[in-house]
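Below, chains carry the letters A, B, ... as their sequence lines are ordered, and counting in each starts from 1.
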Amino acid sequence: MNILILVSVLGVISLFAGLSESLRQHTRTIIVAGLIAITGLTMFTWNAKQFFPEMLNFDKYAAVFTTVILVISTLIFVLSKDQFNHDEIHKGDYYGIMLFTVAGAIMMVSFSNLTMLFLGIETLSVSLYTLAGSRKDLLKSSEAAFKYFLLGAFATGFLLFGIAFIYGATGTFSVSGISDYVHNTPQLPAIFYGGVILIMIGLLFKVSAAPFHFWAPDVYEGSPNIITSFMATAVKVTAFAAFYRLFSGAFVDVNEKWDNALIIAIALTLLIGNFTALAQTGLKRLLAYSGIANAGYMLLAVLALKNDASNALLYYSISYAAASLGAFAVLISVSDDEKTFEISSLKGMSKSNPLQAVLFTIIMLSMAGIPPMAGFFGKYMVLSAAIKEGYLAISLLAILTSLVGIYYYFKVIAAVYSAPDTEVQTENKANIVVFICAGISLVIGAYPDLILNLF
Amino acid sequence: MNVALLIPLLPLIGFLINGLFGKKLSKSLVGLIGSTSIFAAFICVLITFANFISGGSEVQIVKAFDWINVGDTNLAMSFQIDQLSLIMMTLVTGVGFLIHLYSIGYMHDDENYNRFFAYLNLFVFFMLLLVMGDNYVVLFTGWEGVGFCSYLLIGFWYKTPEYNNAAKKAFVMNRIGDLGFILGLFLMYSEFGSLDFTGVLSNTLGHDKGTITAITALLFIGAMGKSAQLPLFTWLPDAMAGPTPVSALIHAATMVTAGIYLIVRSHALFDLAPDTMNFIAIIGAATALIAATIAMVQNDIKKVLAYSTVSQLGLIFIALGVGAYSSGMFHLLTHAFFKALLFLGAGSVIHAMSGEQDIRNMGGLKKALPITHLTFLLGCLAIAGIPPFSGFFSKDEMLAHIFNVNPVLWGVASLTSALTAFYMFRMYFLTFSNDFRGTHEQKHHLHESPSTMTIPLIVLAILAVFGGLLGLPEFTGIHHGLSYFFGTSNDLSSLTRSFEGDFHTTELILMAVATAVAIGSSLYAKKIYFENKTLPDEPKGINKLFAGKYFLDEIYNKIIVKPALLKGTVMQNFMENKVIDPAVNMFASLSVSAGNNIKKIQTGNTGFYIFGIVAGVLLILFANYLIWFR
């Protein structure tokens, strides 16, 4: 609860700091320092449960995921140096809106009431619509914002409709209240199940699972790089944490009534995500589809929630976020927002920047799920959780499609080590964020217990 | 931290330093690091040994870390300190250190000096894992590791294709044995549910006899590969392609004795499998005799020693086959001393002769190489079994045990010993006596080796002469050192077999016979090669068979290698090119075209997207109630 307030206050500070020219130069530094302090505070109050009665429940689960989100956000602010230079005057606004997104995210991982979930989702989404269009000078940015808004509003309709159904059946918005209702009612009304499926559809949209993924490639492609990296990492992790929190809290006892719907979505997500990624030539679009494919694996953890798969979800989230953020950090260091960056333009990186090439390779290997990188153990954990719950067919499909994934990740690695088309200048430095992300991918791969012991 | 943990760690550190930074270090520093790491390990072994004795000779398990935890199976990287492993550790680090020291001089002009020491250190590390592990998995890790190092070191001079082929041959033949070993481990795990020494060897009661026989037979197949027994011995003579210190350390003193160690370590199982034991004795006898006959007609100084090694290992296997484990261990030790000595002596000769290895081109080296000559002679006396040198005692003890069980095997073993004395002195006289037969240039170049090389020779010669004190015969009334030492352990006391009835007289007679035979064949060799100055010529009659190594290589080529290659060609042309490749390519192109087609639904048209979402919603609502996926 305190964390939520502090992050919001930091956002307001950022807005006001943007007004003064001298302060504007230091806004980013202030925010990074502030976020680090807040992250520290979160970890310091790790086990102190805080309530905002019937609305937010800041338990261990919320604290852990809040920490993950804050760390990712901090890294993104570190990365966003020089990213809003085209619009110097509004820099503070963009930073502020990003922080409000984080505030929405914190609500989404700590809610104990459906209204707070909805509020969190809307806070997050509305901020993101704005951010997607933050390159007002670029047509594709505006297009992305508009598409995101239209489709997002459409999906929100489903979510709200679902919440209304649930309220109609149970007479409460509280997660624990819904859970009690499920326990105590022998014959649940059809309207309840309808509500569950509609909420699921709304959330599947937010995590960009097929067949509700259409917005993702276009929005990722059109948005400024830094915003895309934010959407692909922090926002995606948040959406999953909320998804899992709601379904394990309220609907776990009726999982046989919704798991088929989820299996269909996972199957489509895995197939569409992985196979379409094969056909991509642009790095950013490839990462967008890779994000869709990864959503499929993370949904396996939601599918297996009956036997507490929160560890697997957390581990996968961290490994995916580290790899994805690292990849975007590389993208940001080699391209700008204006042109599409082709995979073939990576050629010669091993010559021009050997250190970054090695780190990027580690990141891509982690994405592809090659041991001992974190990506491998992430996949292993969600798959073993799903298999333990008896979801064999979908697990098999996940394994097969991950083979397809290896191909397109290795295509990137191959490009990095190909001979350059032109003579290149050698420099041997990598962005600190790339370094950190590659480090995380390696370290938690070697010592998965670092993460698994958090809960 | 327990000192025992340092023992394998030190060579590993030496390997890492020399392997990673050796190129930047000076040669003397590389040699110093390589040898010091082994010497320090040797000191640690001695400390562990002393602690062990003063601690009442209790078996100690020293755990380094948890290694494999799967289900109910917990395997630790842990080491067992007992009488048997201590003896092997002392041998590996002690002789290993001497050979490292020797290598400083021997390899001095080699451009890949650091690589050599790195490999040698790595070998010692794996060998220590092999003998120290307290479960079969650690043992197997060491087993594979030494095999790998052996491969690297045989092919050390990799620019010669022949040497590479020798390395590959050694690796492949060892793999055949390893397959048996690992199958044995699988069977053992399914039968005992454990791979710990304590878990397996202390629970041998109440198991199916056939299964035990199968396990032991499979383990012995592993031993056949590593310890070069029929039919898998042909790699060892070829392995002489490696530098001579490697031959001394790996292919005479340590690695090739791993099979013997494995059987002695698992004796509780082998005791329950008399069929396997008979099989071991017969294989040992056949190997000993065949290798000895081949050694008689070899003209390459290292090849003679290689076949001699095979033959001596065969003798030890006969002893193991009749259950005389401690005698086998005794001979393993003395053999390590004198065979390492002989190899290093041969290396010193080759060094002096500028790479010449054919004994027909040597002769008269006595004067030029006084230390090498004297130590080599002592080595020959020891291996020939002439009293009071070490080989006499160990060989005699084995022969007595073999006779006690099966006089026919004794006959074969004695014949082998006679041949041993003959071919060793044949080599000795051809190399050191009479006149020099090499080129003028070689003669001019002859010199005694530097002190880093002669000191190990002298130390090993002392061991070869006095090593017999470890196991004086029973009738002398002096406690048999090795048997007594094994007797201090509950598990290992059964390694020593006692004779049935009063055997002392028979033993004395056997001893006299053995001595007479050894001296007789030595003198016969002297007559032919010293007094008559005969030089080996083209082999005739049965010697053709010996010189052709029983044509085993040719037979293997014909019945195994050729058909395997043929199968490979067929598979390549048909399975690979016509079936697998097209199938894989088909999946790949299918995937790509699937991607290209699915891509089309991403039209960029928002209206279409909304249509897609609605279709998806309908699909999900529909499917959730109609299809059951689980």
Provide the closest heavy-atom pair for Ala265(A) versus Ile620(B) in the form atom of the first, atom of the second, distance. CB-CD1, 4.3 Å
Drop me the distance from Asn260(A)'s CG to Phe622(B)'s CZ, to the nearest 0.5 angstrom. 13.0 Å
Quick check: are there more than 12 heavy atoms from other residues, nucleotides or ligands sitting under 6.0 Å from NZ of Lys306(A)? no
Tell me if the CZ atom of Phe192(B) is crowded by more than 12 foreign heavy atoms within 6.0 Å. yes
State whether the side chain of Lys599(B) and the backbone N or O of Ala277(A) hold a donor-acceptor pair below 3.5 Å, judged by distance alone. no
Check the pair Val404(A), Phe587(B) against side chain to side chain contact (heavy atoms under 4.5 Å, CB included), reporting the backbone distance first and the verdict last. CA-CA 10 Å; Val404(A) 178; Phe587(B) 276 111; over 6 Å; no
Which pair of heavy atoms, one from Pro211(A) and one from Gly616(B), lies closest together, and at what distance? CG-CA, 3.4 Å
Is the count of non-hydrogen atoms from other residues, nucleotides or ligands lying under 6.0 Å from Phe171(B) atom CZ greater than 12? yes
Is Leu198(A) in contact with chain B via its backbone, its side chain, both, or neither, using a 4.5 Å heavy-atom distance? neither
Quick one: sort the Tyr609(B) and Phe214(A) rings into parallel, tilted or perpendicular, breaks at 30° and 60°. parallel
Could you tell me whether the side chain of Ile201(A) reaches within less than 4.5 Å of the side chain of Ile613(B), counting heavy atoms only? no
Bottom line for Phe205(A): the part with an atom under 4.5 Å from chain B's heavy atoms is side chain
Are any non-hydrogen side-chain atoms of Gln602(B) and Asp218(A) less than 4.5 angstrom apart? yes
Top contributor to chain A interface from Ile610(B), Thr603(B), Ile601(B), Val617(B) [non-hydrogen pairs under 4.5 Å]: Val617(B)
If you take all heavy atoms of Leu278(A) and Val592(B), which pair is closest and at what distance? CD1-N, 4.0 Å
For Phe608(B), is the CZ atom crowded, meaning more than 12 foreign heavy atoms sit under 6.0 Å from it? yes
Chain B contact via Tyr289(A) - side chain, backbone, both or neither, heavy atoms under 4.5 Å: side chain
First locate atom OH of Tyr408(A), then atom OG of Ser591(B), and finally report the distance between them rounded to the nearest 0.5 Å. 11.5 Å
Given side chain to side chain contact (heavy atoms under 4.5 Å, CB included), test Leu619(B) with Leu268(A) step by step and report yes or no. CA-CA 11 Å; Leu619(B) 175 73; Leu268(A) 286 172; 3.9 Å; yes
Heavy-atom pair with the smallest gap, counting every atom of Ala279(A) and Asn596(B): CB-OD1, 3.2 Å
Whether over 12 other heavy atoms sit under 6.0 Å from Phe148(B) CZ: no
Nearest 0.5 Å please: distance from the OG1 atom of Thr606(B) over to the CH2 atom of Trp215(A). 14.0 Å
Flag if over 12 foreign heavy atoms under 6.0 Å of OH, Tyr129(A): yes
Does CZ belonging to Phe140(B) count more than 12 external heavy atoms closer than 6.0 Å? yes
Can you say whether Glu221(A) sits under 4.5 Å from chain B via the side chain, the backbone, both, or neither, judging by heavy atoms? neither
Taking heavy atoms only and a threshold strictly under 4.5 Å, list by residue number the residues of residues 571-578 of chain B that touch chain A; give 'none' if the list is empty. none
